[in-house]
Amino acid sequence: MEEKNAKKVMLSGIQPSGDLTLGSYLGAIKNWSERAEIFDCYYFMADLHSITVRQNPADLRRRTIEQLAQYIACGLDPEKNTLFIQSHVPAHTQLGWVLNCYTMFGELSRMTQFKDKSAKNAENINGGLFTYPALMAADILLYQPDYVPVGSDQKQHVELCRDVATRFNNIYGDVFKIPEPYIPKVGARVMSLVSPENKMSKSDKDPNGTVYLLDQPDVIMRKFKKAVTDSDTERCVHYDLANKPGVSNLMSIYSACTGKTFEEIEAEFEGQGYGAFKPAVGEAVVETLRPIREESERLLKDKAYLETVYKAGADKASYIANKTLRKVYKKVGFVVK
Ligand code: ATP
Ligand code: LTN
């Protein structure tokens, strides 16, 4: 018991707003799966957040379950990690409401994700999109985590969460642990295969730029063969992020999948040009993703097992979350039953 309490807590979520990608895997989930021994880990499908942008209900349901299967297939063992669906733990919306009342209009107005998403969805700038960070703060603070592993785009939200938690603690005493964002090292940023200046993203409109975890091998190979490289005449495989972003991105992917260094990759393809390099990267990705796709497909045939996982996850998460919620309700002056 003592040892369990000594473990640091880690928590993160991904919105099931698109199918998971090679970027989600290399940038996030792969690293999460290596931490289960050291940390007490909570990972969830952020379905409540995803409806801030209009979703097709059948797709959202399918993707939420697929995301769970993919988390497990990527190595998140449900025995060692708490995996759950955000909407199954009502404490998220309950604390979300309370924190809305401790988050300032000005703070929310400054969030770059709000500005970006408002520009992209001008016809649906809804209240949820605006107050998204208060719900995200609740997601985090309920579990009193030490670290929140997120991409650099989410750092601003974790900082706002820290500000809100500090504000609350200053009024009511030490209720919340102040969490640290945990940003992966540079290089864990996989770029689009068709526009390497943009991040590979699950909601990208052009599927050719994005490799999905469930893509079949022939689809992956086609995407890599068509990947943008660069227009210089020497066509050599050399890492140069500023001048050769396409080739550099492919090298990063190849390195992440094979464990080879950039020097080793340059030596391997010396004098061969991109014609040999691009299919080699494709094959390395196919082999990296093959066990994940096969295991996901197997798990998706066993809906009963996935149901036991998300039900057990929701029970465990609710137990922890409700403890924090109860404390908060008492502090703000609600009659607690
Ligand atoms: P959306 O397109 O719906 O905004 P996204 O594909 O950009 O989503 P997120 O859901 O914002 O992905 O990211 C989930 C996690 O996956 C983030 O914490 C981030 O670290 C990681 N991630 C996503 N895409 C990449 C990428 N291309 N490279 C590295 N990490 C990534
Ligand atoms: N906003 C995040 C998803 C997310 C999250 C969280 C991440 C929702 N709640 C709590 C970490 C902790 C995103 O869009 N990637």
Side-chain angles (χ1 to χ4, degrees), residues 9-32 41-55 59-60 63-64 67 70-71 74 84-87 89 92-93 95-96 99 111-114 116-117 120-121 128-129 131-162 164-165 179-193 195-207 209-213 249 252-253 256 317 321:
V9 177
M10 189 162 253
L11 165 134
S12 198
I14 298 185
Q15 299 183 62
S17 53
D19 297 325
L20 292 179
T21 72
L22 181 65
S24 333
Y25 176 63
L26 295 178
I29 308 169
K30 180 172 181 250
N31 312 315
W32 298 352
C41 298
Y42 296 82
Y43 301 112
F44 62 96
M45 280 54 79
D47 56 348
L48 296 172
H49 277 100
S50 67
I51 62 163
T52 54
V53 172
R54 203 67 80 228
Q55 302 289 331
D59 285 345
L60 178 59
R63 281 199 227 102
T64 305
Q67 194 168 312
Q70 290 171 63
Y71 276 4
C74 287
F84 66 100
I85 299 173
Q86 186 187 25
S87 63
V89 183
H92 287 246
T93 36
L95 182 62
L99 294 183
M111 294 295 112
T112 49
Q113 179 175 296
F114 173 67
D116 289 351
K117 292 213 171 171
K120 278 192 202 149
N121 303 282
L129 194 62
T131 60
Y132 180 115
L135 178 60
M136 179 159 160
D139 299 337
I140 297 171
L141 297 174
L142 281 171
Y143 301 90
Q144 311 277 4
D146 297 272
Y147 300 108
V148 183
V150 283
S152 46
D153 56 323
Q154 294 299 314
K155 191 166 174 243
Q156 199 185 27
H157 286 162
V158 180
E159 273 160 6
L160 178 55
C161 165
R162 288 165 56 89
V164 172
E180 297 284 340
Y182 190 101
I183 315 283
K185 302 237 176 335
V186 252
R189 201 170 152 77
V190 180
M191 310 310 278
S192 158
L193 300 186
S195 48
E197 59 290 349
N198 297 322
K199 197 183 87 161
M200 183 183 283
S201 157
K202 59 180 147 57
S203 58
D204 196 333
K205 299 271 181 299
D206 182 354
T210 302
V211 176
Y212 298 99
L213 292 190
N249 183 38
S252 298
I253 294 173

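Atoms within a ligand are numbered from 1 in the order they appear, just like the ligands themselves.
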Is Arg189 in contact with ligand 1, taking contact as a heavy-atom separation below 4.0 Å? yes

Just say parallel, tilted or perpendicular for the rings of Phe84 and Tyr143, cut-offs at 30° and 60°. tilted

May I have a table of the N/O to N/O pairs between ligand 2 and the protein that fall below 3.5 Å, each row giving the two atom names and the distance to 0.1 Å?
residue: ligand 2; atom: 1 (N); partner: Tyr132; partner atom: OH; Å: 2.6
residue: ligand 2; atom: 1 (N); partner: Gln154; partner atom: OE1; Å: 2.9
residue: ligand 2; atom: 9 (N); partner: Asp139; partner atom: OD2; Å: 2.7
residue: ligand 2; atom: 14 (O); partner: Gln15; partner atom: NE2; Å: 3.1
residue: ligand 2; atom: 14 (O); partner: Tyr132; partner atom: OH; Å: 3.2
residue: ligand 2; atom: 14 (O); partner: Gln154; partner atom: NE2; Å: 3.4

Would you indicate which of Gln113, Lys202, Gln15 comes nearest to atom 9 (P) of ligand 1 when only heavy atoms are counted? Lys202

Start with the C-alpha gap between Ser17 and Lys202, add the side-chain angles, then the distance that decides, and say whether side chain to side chain donor-acceptor pair (under 3.5 Å) holds. CA-CA 8 Å; Ser17 53; Lys202 59 180 147 57; 3.1 Å; yes

Just jot down the ligand 1 atoms closer than 4.0 angstrom to any heavy atom of Gly151, in number order. 17 (C), 18 (O), 19 (C), 20 (O)

Side chain to side chain, Thr112 and Asp153, heavy atoms closer than 4.5 Å: no

Can you find an N/O atom of Val190 closer than 3.5 Å to an N/O atom of ligand 1? yes

Does atom CG (Leu60) have a neighbourhood of more than 12 heavy atoms from anything else shown, all under 6.0 Å? yes

Kindly confirm or rule out an N or O of Thr21 lying under 3.5 angstrom from an N or O of ligand 1. no

So, does Asn249 use its side chain to make a donor-acceptor pair with the main chain of Met191 at under 3.5 Å? yes

All ring pair (Phe, Tyr, Trp, His ring centres under 6.0 Å) counterparts of His157, not counting sequence neighbours: Tyr132

Contact between Ile183 and Val150 at the side-chain level, heavy atoms closer than 4.5 Å - yes or no? yes

If the plane angle is over 60° it's perpendicular, under 30° parallel, otherwise tilted; pick one for Tyr71 and Tyr43. perpendicular

Just which atoms of ligand 1 are under 4.0 Å from any heavy atom in Ser17? 3 (O)

For Val150, state whether at least one heavy atom is located under 4.0 Å from any atom of ligand 1. yes

4.5 Å side-chain heavy-atom contact, Gln15 and Val53: no

Can you name the atoms of ligand 1, numbered from 1 with element, that are less than 4.0 Å from a heavy atom of Lys199? 5 (P), 7 (O), 12 (O), 23 (C), 24 (N), 26 (C), 27 (N)

Side chains of Leu141 and Leu99, heavy atoms from C-beta outward: is any pair under 4.5 Å? yes

Below the 3.5 angstrom mark, is there an N/O of Ala28, backbone or side chain, next to an N/O of ligand 1? no

